[in-house]
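Please read the structure below before turning to the comments.
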Amino acid sequence: MKSTRMSRELSLRGIVLGALITLVFTASNVYLGLKVGLTVASSIPAAVISMAVLRALGGSSVLENNIVQTQASAAGALSCVFAALPSLIMIGYWQHFPFLETTLISAAGGMTGVLFTIPLRRAMVNESALPYPEGVAAAEILKAGEKDTSPAALRALTGGGMIAAIITFASTGLRLLAEDASVTLTWGNAVFRGSCGFSLAMLGAGYLVGIGGGLAMLLGAVLAWGVFVPFLTAHEANPDHLPPTAHATIVWMHDVRFIGAGMIAVAAIWTLGCMMGPIIRGLSASLRATSIGGAQADNDADLPLRQVGLLSAGIGMVLLVMFIAFLAPFGGVNAGTVGLALVGMLCCMLIGFLVAATCGYMAGIVGSSSSPISGICIVAVILLASLFVGMRAVGLFPASVGDHGGIAFCLYILSALTASAAISNDNLQDLKTGQLVGATPWRQQVALLIGCVTGALVIPPVLNILYQTYGFVGYLPHPGMDPTHALAAPQPALMMMIASGIFLHQLDWNMLAIGGALAVVVIVTDLVLRRHGRTLPPLAVGIGIYLPAAVTVTLAIGALVSWVCARRGANAHSSQIGTMLASGLIVGESLMGVTLSAVAGFAGRDSALSIMPAGIPAVVPDIAGAMVFAAMCVWFARYVLRAR
């Protein structure tokens, strides 16, 4: 009987299917992350795809489907390394993403995220009241699949994906539709700008974020472009006499974004402080249960702590070797570089565990998609850079490494921490799903480890294709590339600026301090609003400040669509359909974006498929893009409401 259970849960065909889904969602999420700075959890669409495929093959079970979605969910999580790895391109340390180094740092970091959260499962999943919204939703979909009620959800997912792919092809490929539009106004020297993107992926992401987070991010955009940018452009010199739009963009990138960074850092520390008590109690309870619990039921057994310890030690050695190799060009392998590599490995283990526990707990509260990993990464890069600067001050930092090497090493460590945070953010959510459908925890943990390896193999080629085709804002790999189509890559740029600013003593702590003070005001406001059943998430406001305004406004529109559907009487079934449709829009646009990247890469130019006639005024594709986007918003809401 036990072998039958294993064949229906952790099966070879399930692992293969999970690997294939992982490849698809990793590629799409890396693209989405570099374009707009956000990813979405892939558990729910992966569950729908798994049910459809395994049902066609015959003999599927809810447990086997759960393993597939568990493995595939590592895709949406591990792809979060987009927040750190491109920063190594931006500082000029890498000219491309080397396959071995990128794969190993992603896989090792992600696997630590799985291992670090294993001792937390019993206390944070089984014995806590955390809601785990996406884990519960995925469990409901899996249960519904057993009753043959998922075809409508599958149609929403595939239909949304096809529509988004077609419209993305018309905009990014054929260039018939604009991807965004903006209006710039001046009052004296003050510059105001309003922007809106026409991305269907962002429309879907905003629907999933919800009205609270969407409006909070919109408030951040209003503060950035309606208050801070106008004030600074009115009072800062413009020595190069740049056009107002260009001057405002530079002020936002080099000043205002640091206000957002300071706000996110303080909000993340506040969140961490609020969670420390429950985290410590949960860890203590889990370790006590492990030491005194004796034999465990098969469906409540984790990977044994001995195996967890051995795997952690092995991954630690891999990280140590990688860090030594990374530092070797800076003066060779000597006591100084080996010691610094050892410090880096210990940071991955110690800071990584704290980050994993925090992100896992936050995912239990707000879900994986809305969990503020960016804020945690900002705190991590400040800690790492400050630690290395402190070591340099007391003579413990190798002089041969220098500032450039120190900044690069800090960002390389951050890549591992980001992967760990992202996977831990996802792991407990998946384990909640497993608990609700009666799955075996250790088999889910094995599936997640496999997913980390599979996803890590996809990340380097996808990053290279996207960089060589589009480039990043301010960092184009080839002369003559169209900078308007460069990927925003907001988090890597921010991480690079923070690390460089701390190392070179050029960080504008005043802007960070303003952001921190603003965070305190928003935190207090949020506490007051919560007494009246309302919220103002401070992390979301900070994110709205440092994300491009076009992205934030589009997310807010998606959140507004979600609110309209709820107000018009959307029920549980139609909400599930809306989730599938939103996921389809995200996946369709992202996969078409990756496909067009490959086409442009082979053609050697990013406008290879453009059929827009020369001389057409720019306002024509702007109007066309706006009309199509508005029509899609109306169609989205009607589709969800018709599903009641």
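Owing to the predicted nature of the structure, the values given are computational and were not obtained by experimental measurement. The first residue in the sequence is number 1, and the count goes up from there.
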Quiz item: Any side-chain heavy atom of P86 sitting closer than 4.5 Å to one from F97?
Solution: yes
Quiz prompt | Aromatic plane relationship, Y412 with F326 - under 30° parallel, 30 to 60° tilted, over 60° perpendicular | solution = parallel
Self-check item: Contact check, side chains of N65 and Q69, non-hydrogen atoms, under 4.5 Å
Solution: no
Exercise. Mind checking the CD-CZ spacing from E64 to R13? Nearest 0.5 Å is all I need.
Key: 4.0 Å
Quiz item: Is there a side-chain contact between V81 and T102 (heavy atoms, below 4.5 Å)?
Solution: no
Quiz item: Would a 4.5 Å heavy-atom cut-off, applied to side chains only, mark L384 and L417 as touching?
Solution: yes
Exercise. Give, for atom CE of M345 and atom CD1 of I324, the distance between the pair rounded to the nearest 0.5 Å.
Key: 9.0 Å
Quiz item: Without hydrogens or angle criteria, can the side chains of S424 and T117 be said to hold a donor-acceptor pair below 3.5 Å?
Solution: no
Quiz item: With a 4.5 Å limit on heavy-atom distance, are the side chains of C348 and I413 in contact?
Solution: yes
Quiz item: Are any of the side-chain heavy atoms of W94 and L85 separated by less than 4.5 Å?
Solution: yes
Exercise. Compare all side-chain heavy atoms of V551 with those of M217 and state whether any distance is below 4.5 angstrom.
Key: no
Quiz item: Do F82 and I459 touch side chain to side chain, with heavy atoms closer than 4.5 Å?
Solution: no
Quiz item: T70 and L448: which non-hydrogen atoms are nearest, and at how many Å?
Solution: O-CD2, 3.5 Å
Quiz item: With respect to Y207, which candidate in L555, V640, L581, L585 satisfies the side-chain contact (heavy atoms from CB on, under 4.5 Å) definition?
Solution: V640
Quiz prompt | Which atom of A416 lies closest to which atom of L319, heavy atoms considered | solution = CB-CD2, 4.4 Å
